[in-house]
Amino acid sequence: MSSIFHELSSYSLVAKAVVTLSSLGLYYGDFWRLAQIEPSDKLAESMAVLKGLPAITKPVEPQKIQVFGVLNDLIKTTLEMTQCIVEFDHDSKDVPELAKLIDIPSSVYQIIIAVLGCSIQFTALITTTPVDESKGRDLPAFARKVNMIHHSIKRQLEDFKEKKEEIREYQRLQRLFTAPTDNVELIKALFHTKDDPQPLYIGSKKTTDKIEYLRRKNVLLLISDLKLSSHDLSILVKIYNEPKFHENHEILWIPVVDQDSEDLPNVFENLQSQMPWCSTHYPTLINKVAIRIIKEKWHFRNEPIVVVLDPQGKVESQNAMSMIRMWGFNAFPFTDGVVATLWRSRDISWFELLVNDSIAPNVQEAIKSEKLIFLYGGEDTKEVHEVEVHLKKISDDGNSIVAYNVGKIQLFWTRLESCMFSMLQGKADILDPLLQDILKLYTNFKKDGGFALLTKGTRVVINTPLASSSKVLAQYDTWKKQVNVDGKTFDVALKEHHDKVVAPQTCHHFYIPNMVGYVPENVKCPVCPRVMKNIVKFECCHGAH
């Protein structure tokens, strides 16, 4: 080994392996060429004798013939190992990030060891001395070891080829997502169309079709996992059934499934059967590289998003899911410009948008009747119970308050985040009192573990942490005396007492959920003229709100 490395010191590592194997191949191949000579070729016969050919031609030594079979396979395996590292060395030059997938120094070392092992065995076999029982005994074990190394290098080469293909595909799709020529070209990139030339399944027709079916249409890409909520599904179905929607629009479901499972086909088919729009035969037809770009470019995480494409493939809205949840078909055609217009018009209050009868039964009637509505929720069950005890006491005293504990209702949090998201999509001023109310409610829960919102109809009376509301309600006997004094109503007396006993916080801050691409960078404090600090927080609620 030392001698070979010294003699080939001017060669690259891969070249060292190639030259070493070639030297054995030259001698070994010449040997077997001479083995094919005719008895009449005296010159070749003499050369064969000089090279030890008679050692394997004697019928009395069949053991050598058997060992040569193992040696032949071993040399072929070593050749394939060398071909693997030669191919890798050549093909990895233009992808330096993958250059370490195969340990070239170690692989070259193993190849040269294999060549030396073959050489030693070969030399022993062509000697003219009588065969002994130990000759070639270690060869099968050595061959198994070399085979294991070969399989390992082969797997690494296959892994390299797959990763290199992914990189090429990723670069191609990045260019395509940045500057598509039309929506069909971009949508085709989402599918493995080679596996299925008609990857679209049209739910309303129960038929399949090519991607070209979507040409010259505005397409809403519904991107989700298999846990799409029935609420989101019902809203989308209503939109899809609108006659105006079918004039030039279509929905295409892109299922994103990270892991396969036994019940995957049933879950997929059950969800797909509820969709009248376009989808795919099976999640595996979705291009994994495209899913990676969807996550990076369109910021898909686990929550469903709706990306709106015009006929040229231009993104009109990176995520229209929030406006769809909040406004339904009133947000048609679901572009970012439309949501800005909707919020500017403000024909309906944010409270009416946020809380509907699905979340709080009969709340719409309470809003119309200008009743006092107490919305609350918290993580501390003891604190929630205390608030409910205080509310019962106040109600028993003849005060009409409609109370709803919505803290554990997932739909409430989904709509709250959608409300914030759609306002930020519409480029709302972060200092807008309306947006501040929404952010304050969200922050009270995230920071203090509970929130309380008292309104009279849709007008906000107090928006405070749950603990603060509990403190105010507990002191009912103190502030109720102010009711009807100088014309003060119940809600006015409650607010005045709240502002008196709840000290303002030293620092003003608010939480914004993950809204990549829409969160403002520089925000002025609503209280003072300074710019607020931006603090990143990571959170997991394990599936709860």
Side-chain angles (χ1 to χ4, degrees), residues 229 231 301-303 322 325-326 349-356 358-360 363 373-391 401-424 428 430 432-455 458 460-474 494-495 498 502-515 518-519 523 526-527 532 534-545:
S229 72
H231 180 74
R301 298 296 182 263
N302 295 317
E303 293 297 316
S322 295
R325 285 170 175 160
M326 299 306 299
S349 74
W350 70 268
F351 186 74
E352 285 179 277
L353 280 172
L354 175 62
V355 186
N356 56 28
S358 299
I359 295 172
V363 72
I373 302 169
F374 191 81
L375 213 65
Y376 66 100
E379 295 176 330
D380 188 337
T381 54
K382 182 180 177 182
E383 196 169 68
V384 170
H385 177 68
E386 288 175 355
V387 167
E388 291 172 344
V389 170
H390 299 323
L391 286 171
I401 300 178
V402 183
Y404 299 101
N405 180 357
V406 296
K408 301 297 183 182
I409 301 176
Q410 179 61 46
L411 181 58
F412 171 78
W413 296 106
T414 299
R415 290 185 68 80
L416 179 62
E417 292 189 359
S418 295
C419 197
M420 285 185 282
F421 193 92
S422 63
M423 286 199 74
L424 291 169
I430 203 76
D432 186 316
L434 188 153
L435 182 54
Q436 281 292 310
D437 270 339
I438 299 171
L439 292 174
K440 190 174 182 181
L441 189 156
Y442 187 76
T443 301
N444 286 337
F445 182 82
K446 290 297 181 181
K447 177 181 176 292
D448 299 306
F451 73 94
L453 180 71
L454 178 67
T455 70
T458 60
V460 176
V461 178
I462 61 168
N463 186 354
T464 192
L466 186 65
S468 299
S469 72
S470 181
K471 181 179 180 180
V472 173
L473 296 175
L494 185 153
K495 177 174 173 51
H498 170 273
V502 177
Q505 295 180 341
T506 305
C507 298
H508 183 88
H509 55 267
F510 50 80
Y511 285 41
I512 296 178
N514 182 24
M515 300 175 181
Y518 293 100
V519 177
V523 178
V527 180
M532 302 182 77
N534 184 356
I535 300 172
V536 177
K537 178 183 178 181
F538 294 91
E539 177 182 70
C540 179
C541 296
H542 318 298
H545 44 81

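Worth saying up front: this structure is predicted, and the values here are computed from it rather than measured.
- Going from atom CD1 of I438 over to atom OG of S422 covers 7.5 Å, rounded to the nearest 0.5 Å.
- The number of heavy atoms from other shown groups lying within 6.0 Å of NE2 (H385) does not exceed 12.
- Within the 3.5 Å criterion, the main-chain N or O of K440 finds no donor-acceptor partner in the side chain of D437.
- In the model, H498 has a side-chain atom that pairs as donor or acceptor with a side-chain atom of T464 under 3.5 Å.
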Exercise. Decide yes or no on side-chain contact (heavy atoms from CB on, under 4.5 Å) for M326 and F421, but give the supporting numbers first.
Key: CA-CA 10 Å; M326 299 306 299; F421 193 92; over 6 Å; no
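- Side-chain contact between L375 and V355: present, with at least one pair of heavy atoms (C-beta onward) separated by less than 4.5 Å.
- With a 4.5 Å cut-off on side-chain heavy atoms, I409 and Y404 do not count as touching.
- Of the possible donor and acceptor atoms, one in the side chain of D380 sits under 3.5 Å from a partner among the backbone N and O of K382.
- In this structure, CG in L473 is found 5.0 Å from CZ in F374, a value given to the nearest 0.5 Å.
- Annotation: the span from L454 atom CG to I401 atom CD1 amounts to 6.5 Å, rounded to 0.5 Å.
- In this structure, the ring-ring contact (aromatic ring centres under 6.0 Å, His included) partners of F451, at least two apart in sequence or on a different chain, are F412, W413.
- The CD atom of E386 sits 10.0 Å away from the OG1 atom of T381 when rounded to the nearest 0.5 Å.
- If you take CG on L416 and CG on L353, they are separated by 12.0 Å, rounding to the nearest 0.5 Å.
- L466 contributes atom CG, which lies 4.5 Å from atom CD of E383 (distance to the nearest 0.5 angstrom).
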